[in-house]
*Asks:* 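Starting off with a structure, shown below.
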Amino acid sequence: MRMSQLFATTLREVPAEAEIASHQLLLRAGMMRKAAGGIYVFLPLGLRVLHKIETIVREEMDRTGAQELLLPIVQPAELWQQTGRWDVYGEEMFRLQDRHGRSFCLGPTHEEIITWLVANEVQSYRQLPVVLYQIQNKYRDEIRPRFGPLRSREFIMKDAYSFDRDAAGLDENYRKMYEAYARIFTRCGLSFRPVEADSGAIGGKGSHEFMALADAGEAAIVYCDACGYAANVEQAECLPPEGDGEAEAQDAGQARAGEASEPGWRRVETPGQHTVEEVARFLHVQPRNLIKTMIYLADGQPVAVLVRGDHDVNEIKLGHVLDVRHVFLADAETTERVTGAPVGFAGPIGLAQPVPMWVDQAVMAMKEAVTGGNAKDTHLVGVDPTVHFPAGYKVADLRLAQPGDLCPRCRRGRLQAARGIEVGQVFKLGTKYSEALGAMYLDENGRSHPIIMGCYGIGVSRTMAAIIEQCHDEHGIAWPMTVAPYQVIVVPVNAAEAPQWEAATQVYGQLQAAGVEVVLDDRSERPGVKFKDADLMGFPLRVTIGPRGLKEGKAELRWRASGQEEAVPLDQVVSRVQQAIADELQRYTP
RNA sequence: CGGGGCGUAGCUCAGUUUGGUAGAGCGUUCGGUUCGGGACCGAAAGGUCGCACGUUCAAAUCGUGUCGCCCCGACCA
């Protein structure tokens, strides 16, 4: 490809709409343009990268025995109504009607349609297991699209679905997919970490997310520095407090219960001190000596939730233990009605309204704690949860894991925090969709059973953005060889000088003949402009042909990522470049 | 949906407070000089100032409405 012909205009300045590196660089390098909020055009260079990623995905899916098919983007409402997700998805689903008034949606995912298909095609255990996948556009009317392809409304996704007769088969397919995902992201050049995840609204149990590590990532994860444990913070388990089993904590609690005097706590005035930090400072204690009492609405019903002052409520865990669909912090009026006090003074003792009380396990190990007094400018000190809490409360793991926590798996390491971009997720779905849509098979005895499903997604366009987040510098993108739009760019320093031009076109022709993906910068630009554009677009290798090297009969080979340079005799450029490409590809081979 | 900000040339932005001929830099086109990390000189093209209505002799500027974009939050396979 000649640069003068390439449909790509680079931007010198950062477009105001882009905040993070990947979004800015995709626009600046002429790979992508915005058509509407969260809707993008992919220009030739960007599309080549997407195709490279898709090719890697296809190769690894096919290697597992999965078979590709193509599903419709426009999907009938009935299927979604059968699984109940027509309503569950809500406003996030793009909906439309045809001329006859029939309802459709633009597929946000494809469980319904694939399960419907398999329900019609599969009757016998002899047809199982089977794994099917598709790569295509999906649509979600995100409340707030942002960060370019990291959270867009139209995006490219690979979804695979496994169909098994039993749990063992599902486990086996899940394992194969997990391994394929590790290979895919390794080949894409990503630094990533599989983490234990919550399976969210899609249903089922057992899930891992593949997180590309990046500060721009929207997901917070924790991982153990001693064992391999890693989890989304939404999911991460917390041990009962510090280094000990529950039994020990309970013993301690009982011992204290014996010696506590009634009431044992006393009321103190804390004028104007609302937050944990304010109260702690005012009373000269640490935040970890306070008990935070939050009033939540669980599907509309108020509950009191207690965590230690230096902890935060994990709303996902709360939702699970309460077995409700939505939990969110109550508004100020509700809180005031329940506690009988302004926001900031809620506590477990003396609530104005009896509501269910859920206590994080860490709270139960506290003694001499500070709580809100359920009255303006009032707190209680000397509270011992095992003694003083009103009867009827329930204890559970309700808090968000924090860096420094003891690892819940090995109980030796400490948790570290990191941020990640979710590029893939694998789920054990079970029979939720097969039961709803009647995907059954007959076993050897002629008995009917629901097919057991798994689903496995990879955000292709999101992966492209994640790669840039990890592979860029102040000059632009530095694509891994495996996904680069072109492997090499040939730059004559001055195309108007015949010797340079002739050498450059000859090298270009030879590289093309050798099957190398190569761009020739044939523009009549000054060298600085060409170098800047090459760096911005991120071609992994650059062959520079200029008067300096030409005097010696040499070209210069430069690696984009490292900046390393090497003089190569003109007649050896092709073989050296081929070697360099092979070396680079090797680096990303799992 | 709540809070905040912004819509002026392809891009980045000034001009709006205090109404009076539409601006700069970059990019683009043409001519020339240049040519190893975003050159220089000269000439030029390019905008119904998001849209609508209103106020006014006069609106980019003031008012109302509307659409769009960005950020924070709620939400999120």
Side-chain angles (χ1 to χ4, degrees), chain A residues 9-20 23-24 27-28 30 33-39 85 88-93 107-112 138-148 150-153 155 157-161 197-204 207-210 218-219 232 234 297 315-316 319 325-329 331 422-427 429 433 455-459 462 474-476 491-497 500-501 521 523-536 542 544-551 555-556 558 563 565 567:
Chain A
T9 49
T10 54
L11 306 176
R12 293 196 180 195
E13 296 185 79
V14 179
E17 73 190 55
E19 197 191 10
I20 63 169
H23 190 188
Q24 293 174 350
L27 294 170
R28 284 192 57 211
R33 293 291 180 255
K34 183 177 70 184
I39 310 278
R85 291 209 295 178
V88 170
Y89 245 101
E91 310 231 289
E92 201 172 308
M93 190 150 63
T109 176
H110 287 74
E111 281 84 13
E112 276 76 2
K138 309 218 174 186
Y139 297 82
R140 291 188 193 164
D141 194 0
E142 292 283 348
I143 291 174
R144 182 147 87 86
R146 60 187 132 172
F147 303 145
L150 277 190
R151 182 163 292 272
S152 53
R153 297 196 293 171
F155 53 98
M157 206 163 151
K158 184 281 303 182
D159 258 333
Y161 300 95
D198 184 77
S199 43
I202 198 164
S207 175
H208 286 83
E209 289 167 336
F210 284 76
E218 295 183 88
N232 193 314
E234 292 177 350
L297 287 171
E315 298 180 4
I316 306 279
R325 196 177 285 169
H326 299 291
V327 293
F328 51 91
L329 209 49
D331 51 284
E422 183 195 336
V423 287
Q425 185 161 17
V426 290
F427 290 98
L429 277 182
Y433 296 93
C455 76
Y456 316 91
I458 288 180
R462 180 181 275 189
E474 69 271 29
H475 302 293
V491 180
V493 167
N494 183 350
E497 299 282 338
Q500 291 176 45
W501 177 244
D521 197 340
R523 298 174 300 171
S524 57
E525 289 288 352
R526 292 168 60 82
V529 172
K530 290 185 278 198
F531 294 151
K532 289 287 186 189
D533 278 345
D535 286 352
L536 181 58
R542 188 179 87 199
T544 311
I545 293 173
R548 278 186 209 158
L550 226 43
K551 273 189 299 200
E556 289 132 60
R558 181 187 167 93
E565 292 195 28

*Asks:* How far, in whole Å, is B:rU48 from B:rU8 if one measures between their C1' atoms?
*Replies:*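 Per the computed distance, 12 Å lies between those C1' atoms.
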*Asks:* Give the minimum heavy-atom separation between A:Pro145 and A:Gly38, together with the two atoms involved.
*Replies:*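 So the minimum-distance heavy-atom pair works out to CB-CA, 3.8 Å.
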*Asks:* Under a 3.5 Å limit for both distances, which nucleotide forms a Watson-Crick or G-U wobble pair with B:rU16, could you say?
*Replies:* none
*Asks:* Whole-Å distance between B:rA77 P and A:Arg462 CZ?
*Replies:* 11 Å
*Asks:* Could you measure between the two C1' atoms, the one in B:rC41 and the one in B:rU55, and give it in whole Å?
*Replies:*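 The answer is 49 Å between these two C1' atoms.
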*Asks:* On a whole-Å scale, what distance lies between the C1' atoms belonging to B:rG7 and B:rC13?
*Replies:* 13 Å
*Asks:* Report the distance from atom NZ of A:Lys138 to atom P of B:rA77, rounded to the nearest whole Å.
*Replies:* 14 Å
*Asks:* On RNA chain B, does the nearest nucleotide to A:Ile545 precede the nearest nucleotide to A:Tyr89 from the 5' side, or the other way round? Give the residue.
*Replies:* A:Ile545
*Asks:* Considering non-hydrogen atoms only, spot the tightest contact between A:Ala534 and A:Arg542 and give its length.
*Replies:* CB-CD, 4.3 Å
*Asks:* Using Watson-Crick or G-U wobble geometry with both distances below 3.5 Å, tell me the partner of B:rC53, or none.
*Replies:*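 Its partner is B:rG63.
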*Asks:* With a 4.5 Å limit on heavy-atom distance, are the side chains of A:Arg12 and A:Lys532 in contact?
*Replies:*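 A side-chain contact under 4.5 Å is absent here.
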*Asks:* Specify the separation, in whole Å, of atom CD1 of A:Ile39 and atom P of B:rG68.
*Replies:* 13 Å
*Asks:* Expressed as a whole number of angstroms, how long is the span from A:Glu497:CD to B:rG36:P?
*Replies:* 10 Å
*Asks:* Tell me, please, whether A:Phe155 has A:Arg462 positioned over its six-membered ring: NZ or CZ under 6.0 Å from the ring centre and within 45 degrees of its axis?
*Replies:* no
*Asks:* Using the P atom as the point on both nucleotides, what is the distance between B:rC11 and B:rG27, in whole Å?
*Replies:*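 The same atom, P, in both gives a distance of 15 Å.
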*Asks:* Would you tabulate the pairs of protein nitrogen or oxygen atoms and nucleotide nitrogen or oxygen atoms of nucleotides 25-34 of chain B closer than 3.5 angstrom?
*Replies:*
{"residue": "B:rG25", "atom": "N2", "partner": "A:Glu13", "partner atom": "OE2", "Å": "2.8"}
{"residue": "B:rG27", "atom": "OP1", "partner": "A:Arg12", "partner atom": "NH1", "Å": "3.3"}
{"residue": "B:rG27", "atom": "OP1", "partner": "A:Arg12", "partner atom": "NH2", "Å": "3.2"}
{"residue": "B:rU34", "atom": "O2", "partner": "A:Arg526", "partner atom": "NH1", "Å": "2.8"}

*Asks:* Please give the distance between the C1' atoms of B:rG50 and B:rC67 as a whole number of Å.
*Replies:* 7 Å
*Asks:* How long is the line joining CD of A:Glu111 and P of B:rA77, in whole Å?
*Replies:* 11 Å
*Asks:* Base, sugar-phosphate, or nothing for A:Pro108, non-hydrogen atoms under 4.0 angstrom?
*Replies:*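 If one applies the 4.0 Å heavy-atom cut-off, A:Pro108 turns out to touch nothing in the nucleic acid.
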*Asks:* Would you mind reading off the distance between A:Lys532 atom NZ and B:rG37 atom P, rounded to a whole angstrom?
*Replies:*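 Checked: the NZ to P distance equals 10 Å.
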*Asks:* Of the nucleotides B:rA77, B:rG38, B:rG36, which one has an atom closest to the side chain of A:Pro527?
*Replies:*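 Between B:rA77, B:rG38, B:rG36, the one nearest the side chain of A:Pro527 would be B:rG36.
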*Asks:* Just the atom pairs and distances: protein N or O near nucleotides 43-46 of chain B's N or O, under 3.5 Å.
*Replies:*
none

*Asks:* In whole angstrom, give me the gap between the C1' atoms of B:rA14 and B:rG38.
*Replies:*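 Taking atom C1' in both B:rA14 and B:rG38, they lie 23 Å apart.
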*Asks:* Classify the nucleic acid contact of A:Phe155 as base, sugar-phosphate or nothing, counting any heavy atom under 4.0 Å across all strands shown.
*Replies:* base
*Asks:* Measuring from atom CD of A:Glu234 to atom CD1 of A:Ile316, what distance do you get when rounded to the nearest 0.5 angstrom?
*Replies:* 4.0 Å
*Asks:* Could you check whether A:Arg542 gets within reach of a base, just the sugar-phosphate, or nothing at all, counting any heavy atom under 4.0 Å?
*Replies:* base
*Asks:* Going by purine N1 to pyrimidine N3 plus the second Watson-Crick contact, or the G-U wobble pair, all under 3.5 Å, which nucleotide sits opposite B:rU21?
*Replies:*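 Here B:rU21 is not engaged in any pair, so there is no nucleotide opposite it.
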*Asks:* Could you check if a side-chain atom of A:Thr109 sits within less than 4.5 angstrom of a side-chain atom of A:Met157, using non-hydrogen atoms only?
*Replies:* no
*Asks:* What does B:rA39 pair with, Watson-Crick or G-U, if both distances are under 3.5 Å?
*Replies:*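 Here B:rA39 is engaged in a pair, and the nucleotide opposite it is B:rU33.
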*Asks:* Counting Watson-Crick and G-U wobble pairs only, both distances under 3.5 Å, name the nucleotide matched with B:rG2, or none.
*Replies:*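 Base partner found: B:rC72.
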*Asks:* Side chains of A:Glu142 and A:Ser152: closer than 4.5 Å at any heavy-atom pair?
*Replies:*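 The answer is no; the side chains never approach within 4.5 Å.
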*Asks:* Taking C-beta and beyond as the side chain, do A:Phe531 and A:Thr544 meet within less than 4.5 Å on heavy atoms?
*Replies:*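 Yes - at least one pair of side-chain heavy atoms lies under 4.5 Å apart.
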*Asks:* B:rG38 base to A:Arg523 side chain: any donor-acceptor pair below 3.5 Å?
*Replies:* no
*Asks:* Specify the closest pair of heavy atoms between A:Val493 and A:Gln500, including all atoms of both residues, with the distance to one decimal.
*Replies:*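 Of all heavy-atom pairs spanning A:Val493 and A:Gln500, the closest is N-OE1, 3.3 Å.
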*Asks:* Below 3.5 Å is the cut-off: list the nitrogen or oxygen pairs between protein and nucleotides 70-73 of chain B, distance only.
*Replies:*
{"residue": "B:rC72", "atom": "OP2", "partner": "A:Arg144", "partner atom": "NH1", "Å": "3.0"}
{"residue": "B:rC72", "atom": "OP2", "partner": "A:Arg144", "partner atom": "NH2", "Å": "2.7"}

*Asks:* Expressed as a whole number of Å, how far does the C1' atom of B:rG15 sit from that of B:rG47?
*Replies:* 14 Å
*Asks:* Which comes earlier along RNA chain B counting from the 5' end, the contact point of A:Arg153 or that of A:His475, where each point is its nearest nucleotide?
*Replies:* A:His475
*Asks:* Figure out the CZ/P separation between A:Phe328 and B:rG2, and round it to whole Å.
*Replies:*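 After rounding, the reported distance stands at 16 Å.
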*Asks:* Using atom C1' in both nucleotides, what's the gap between B:rC62 and B:rU18 to the nearest angstrom?
*Replies:*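 Going atom to atom, C1' in each nucleotide, I get 11 Å.
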*Asks:* Could you pull out the closest heavy-atom pair between A:Arg558 and A:Gly563, with the gap in Å?
*Replies:*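 Scanning both residues, the minimum pair turns out to be NH1-O, 3.8 Å.
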*Asks:* Let's test your reading of the model: under 3.5 Å, does the base of B:rG38 pair with the side chain of A:Asp533 as donor and acceptor?
*Replies:* yes
*Asks:* Please pick, from B:rA77, B:rG37, B:rG38, the nucleotide with the shortest atom-to-atom distance to any side-chain atom of A:Phe531.
*Replies:* B:rG37
*Asks:* Round to a whole Å and report the spacing from CD of A:Gln24 to P of B:rU12.
*Replies:* 11 Å
*Asks:* Are the side chains of A:Glu17 and A:His23 in touch, meaning some heavy atoms are under 4.5 Å apart?
*Replies:* yes
*Asks:* Could you identify the nucleotide paired to B:rA9, looking across every strand shown and requiring Watson-Crick or G-U wobble geometry with both distances under 3.5 Å?
*Replies:* none
*Asks:* Using a 4.5 Å cut-off on heavy atoms from C-beta on, say whether the side chain of A:Lys158 contacts that of A:Tyr456.
*Replies:* yes
*Asks:* With side chains defined as the heavy atoms from C-beta onward, is the minimum distance between A:Arg33 and A:Leu27 less than 4.5 Å?
*Replies:*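 SC-SC contact between A:Arg33 and A:Leu27 confirmed.
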*Asks:* Are any non-hydrogen side-chain atoms of A:Arg85 and A:Tyr433 less than 4.5 angstrom apart?
*Replies:*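 Yes, at least one pair of side-chain atoms sits under 4.5 Å.
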